[in-house]
Number of protein chains: 2
Amino acid sequence: MDVLIVEDDALHRAFLNEAVRAALPECGQVIEAENGLKGEAQARASRAEHVVMDLQMNERNGIEAARTIWRERPDTKILFWSNYSDEAYVRGVARIVPEGATYGYVLKSASEERLKLALRSVFVESQCVIDREVRGIQQKSFGNSPGLTDAEYEILVDVAVGLTDKAIAQRKHLSLRSVQNRLQQLYEKLDVYETPGQGSEGWFNLRTRAVAVALSRKVLNASAIERAERDLRQSAGI
Amino acid sequence: MDVLIVEDDALHRAFLNEAVRAALPECGQVIEAENGLKGEAQARASRAEHVVMDLQMNERNGIEAARTIWRERPDTKILFWSNYSDEAYVRGVARIVPEGATYGYVLKSASEERLKLALRSVFVESQCVIDREVRGIQQKSFGNSPGLTDAEYEILVDVAVGLTDKAIAQRKHLSLRSVQNRLQQLYEKLDVYETPGQGSEGWFNLRTRAVAVALSRKVLNASAIERAERDLRQSAGI
DNA sequence: GCAATATCTGCGGGTTCCCGCAAGACTTGA
DNA sequence: TCAAGTCTTGCGGGAACCCGCAGATATTGC
């Protein structure tokens, strides 16, 4: 029972290594990789079925690395260990989990106890463990925050990478007007008006404003946009 | 000679504490704060003149915390210790350094040696120490990356928070056409066209596209947008 | 002082965005 | 089956965006 650790921060990597050995004394090798790319390679080479994965990494982020790992071996058990509970990350992970795969999502701010427990639950018991806070985001509409539909989220992403209405319509096989309808919906959900307070008028360009709001609400983040961009290039740029 | 550590990650905080004590055996108390807000309070309370500051934090990020600390005591020596060398962060720091203040900027990926050296240089020798990689960004136009003018950067930020051309013109006391000129300039610098490859036409909305490109190029980041938004509310929302 | 360069400004117009209105197409449930 | 709701599509128009053109206004270097 080998364990692969994919984490770019040296301190955290060492900490994880120790935590893994403590939580799983029966485990075999503990392999380390310092970015997503090397993580993929190591997973392939070592055939480890247990992975602890950071999400925010330079070379290739955790979501993409996990996707390729799962594509090659869908029964791999992956525990995501991340600083953030951004909606964008949570969505990103949920989007790539294969049918019936076991995984976990623990925040770095969690106690060492929680981490070790999650390690055992996911790797030994094959049980999914999702952090409270993250769970709250999965079953959206938490607090007064939006809770976007998948359709709304998708159009948000398309807008954020910079596509025009027409281009989106074409990509999604919709009419121009439908795209604009969804946009209006999105604006409403994100609480985006053309004017900030009262009085004056015409302060905001709704399109870019929506992106700004989504970013500050953590519905979107830069890596989600980059992912979308790659998908775009791949599907249209051929 | 007390030292204040402002860092939200517990592991890094402990590591820093140890590094400070090792590099500055003559130092007095080492105080810790786990976010920008508490950091400001601690700086005020402890009257520490030496601060090690993380940049990316939840409650209040390092740039804002540093700004208020420097506003109260401009002779405070601050060593920024960050994961990233995003142009957005580098600009953010450069923007708030008071005349003649001594500070440093070290990446977390640097060796422990470099960190300790920087600690001594900044705190004892009152010498500014900026990491190589960061330096490269300060004196812009590195690689094929843009290297935006201040004017271009400012309009980029305004666009990114979602303002219309008219609103920007008003804020900046410019004519509408001038704003659009700067925008054109910006589009050119960021290499933003309305069409991605060849053939087809009208794929991109330049305005949002520019934001997307700036984000993925790390010229902008979410916290820079949030900062701009706060400034906006303050100046216009009164 | 005087060109050369860079910026600011107004005008005009083609395109896109934003959206109210209203008629079809689809799902849902009684 | 019919009604209510949601989603889609077309039309039309006012506003905003993007930009070429050209004159006015600094700023710079010699």
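Letters A, B, ... mirror the listed sequences (proteins, then strands); counts begin at 1.
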K.L.:
If you only use heavy atoms from C-beta on, which nucleotide in dT8(D), dC8(C), dC17(D) is closest to the side chain of L174(A)?
P.N.:
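Comparing dT8(D), dC8(C), dC17(D) against the side chain of L174(A), the answer is dT8(D).
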K.L.:
Which comes earlier along DNA chain C counting from the 5' end, the contact point of Y187(A) or that of V179(B), where each point is its nearest nucleotide?
P.N.:
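First, find each residue's nearest nucleotide; the 5'-ward one identifies V179(B).
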K.L.:
Give the rounded distance in Å between these two atoms: OH of Y193(B) and P of dC17(D).
P.N.:
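Roughly 23 Å, once rounded to whole Å.
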K.L.:
Does N181(B) get its side chain close enough to the base of dT9(C), under 3.5 Å, for a donor-acceptor pair?
P.N.:
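Donor-acceptor pair under 3.5 Å: yes.
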K.L.:
What is the separation between atom CZ on R182(A) and atom P on dC18(C), rounded to the nearest whole Å?
P.N.:
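One finds 16 Å between P of dC18(C) and CZ of R182(A), rounded.
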K.L.:
If we ignore hydrogens and angles and just use 3.5 Å, is the side chain of N61(A) paired with the main-chain N or O of E64(A) as donor and acceptor?
P.N.:
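Answer holds: yes.
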K.L.:
Nearest of dT9(D), dG20(D), dC18(C) to any side-chain atom of S175(A)?
P.N.:
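The closest nucleotide is dT9(D).
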K.L.:
Could you state the CG-C1' distance from D150(A) to dC7(D), rounded to the nearest angstrom?
P.N.:
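So the CG-C1' distance, D150(A) to dC7(D), works out to 16 Å.
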K.L.:
Ignoring backbone atoms, test whether S178(A) places a side-chain nitrogen or oxygen under 4.0 Å from the OP1 or OP2 oxygen of dT9(D).
P.N.:
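S178(A) to dT9(D) OP1/OP2: side-chain N or O found under 4.0 Å.
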K.L.:
Base, sugar-phosphate alone, or nothing: which one does L206(B) contact when heavy atoms must sit under 4.0 Å apart?
P.N.:
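Sugar-phosphate, no base atom in range.
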K.L.:
For R114(A), check side-chain hydrogen bond (donor to acceptor under 3.5 Å, both in side chains) against everything at least two apart and list the hits.
P.N.:
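Testing R114(A) for side-chain hydrogen bond (donor to acceptor under 3.5 Å, both in side chains), a comparison that skips the adjacent residues, returns D131(A).
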K.L.:
Take the protein atom CD of E188(A) and the nucleotide atom C1' of dC18(C), then report the distance between them rounded to whole Å.
P.N.:
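Distance, rounded to whole Å: 14 Å.
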K.L.:
Is the base of dC19(D) touched by the side chain of Q180(B) through a donor-acceptor pair closer than 3.5 angstrom?
P.N.:
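Such a pair exists between side chain and base.
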K.L.:
What's the verdict on side chain to side chain contact (heavy atoms under 4.5 Å, CB included) for Y103(B) and W70(B), showing C-alpha distance, side-chain angles and the deciding distance?
P.N.:
CA-CA 11 Å; Y103(B) 75 105; W70(B) 264 329; 3.8 Å; yes
K.L.:
The side chain of N205(A) is closest to which nucleotide in this list: dG20(D), dC18(C), dG20(C)?
P.N.:
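Among dG20(D), dC18(C), dG20(C), the one nearest the side chain of N205(A) is dC18(C).
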K.L.:
Per the atom types in the model, does the base of dG20(D) pair as donor or acceptor with the side chain of R177(B) at under 3.5 Å?
P.N.:
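Indeed there is one.
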K.L.:
In whole angstrom, what separates L186(A)'s CG from dC18(C)'s C1'?
P.N.:
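Computing the L186(A):CG to dC18(C):C1' distance gives 13 Å.
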K.L.:
Might you point out which heavy atoms bring L186(A) and E152(A) nearest each other, and give the distance in Å?
P.N.:
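For L186(A) versus E152(A), the nearest heavy atoms are CD1-O, 3.9 Å.
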K.L.:
Separation of I168(B) atom CD1 from dA16(D) atom C1', in whole Å?
P.N.:
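Nearest whole value for this atom pair: 12 Å.
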K.L.:
Looking at Q184(B), does any N or O in its side chain come under 4.0 Å of the phosphate oxygens OP1/OP2 on dC17(D)?
P.N.:
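For Q184(B), the contact criterion (side-chain N or O under 4.0 Å from OP1 or OP2 of dC17(D)) is not met.
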K.L.:
For E125(B), is there an ion pair with K77(B) - N to carboxylate O distance below 4.0 angstrom?
P.N.:
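No, this pair does not count.
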K.L.:
Rounding to an integer number of Å, can you tell me how far R209(A) CZ sits from dA16(D) P?
P.N.:
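After rounding, the reported distance stands at 17 Å.
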K.L.:
Can you tell me the distance, in whole Å, between the CG atom of L176(A) and the P atom of dC18(C)?
P.N.:
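Atom CG in L176(A) sits about 11 Å away from atom P in dC18(C).
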